[in-house]
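Here the structure comes first, spelled out in structure tokens, and everything after it is commentary.
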Amino acid sequence: MGPFVRPVDAPIIEPNPKAVFTDPILGKAVHWEALHTFNPAAIVREGKVYVLYRAEDDSGAMVIGMHTSRWAWRRARMGFTS
């Protein structure tokens, strides 16, 4: 597998306001990667690419400390899927 080449015409990850999960405590839908995505890292294991990254939802005021960061992972075989 490889060599890997960084695409120059598109970011590796980007915010996705359609990504939703249900908060297990509050039972509410959270658009967990609606505002920002950060710090992608990838590993290859058994022919699959796993991407770990951090994302922020769009709740709270636009000031430091008012957003919730969440970690996510994606995996793909022969390319990237979400």
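As the structure is a computational prediction, the values presented were derived from the model and not from experiment.
- Between His31 and Asp57, every side-chain heavy-atom pair lies at or beyond the 4.5 Å cut-off.
- Val20 and Val30 sit in two unconnected hydrophobic clusters of ILVMFWY residues. Membership requires side-chain heavy atoms under 4.5 Å apart, directly or through other members.
- Annotation: side chain of Tyr53 is not in contact with side chain of Asn39 (no heavy-atom distance under 4.5 Å).
- The shortest distance between side-chain heavy atoms of Leu35 and Pro15 does not fall below 4.5 Å.
- The structure places CH2 of Trp32 at 13.5 Å from OG1 of Thr22, a figure rounded to the nearest 0.5 Å.
- Within the model, atoms OH of Tyr50 and CD1 of Ile43 stand 7.5 Å from one another, a figure rounded to the nearest 0.5 Å.
- In this structure, Glu33 and Glu14 approach most closely via the heavy-atom pair OE1-O, 4.3 Å.
- Following chains of ILVMFWY side-chain contacts shorter than 4.5 Å, one can reach Val44 starting from Ile13, so the two form part of one hydrophobic cluster.
- His36 contributes atom NE2, which lies 10.0 Å from atom CG of Asp58 (distance to the nearest 0.5 angstrom).
- Not counting sequence neighbours, the partners of Ile25 by the side-chain contact (heavy atoms from CB on, under 4.5 Å) test are Asp23.
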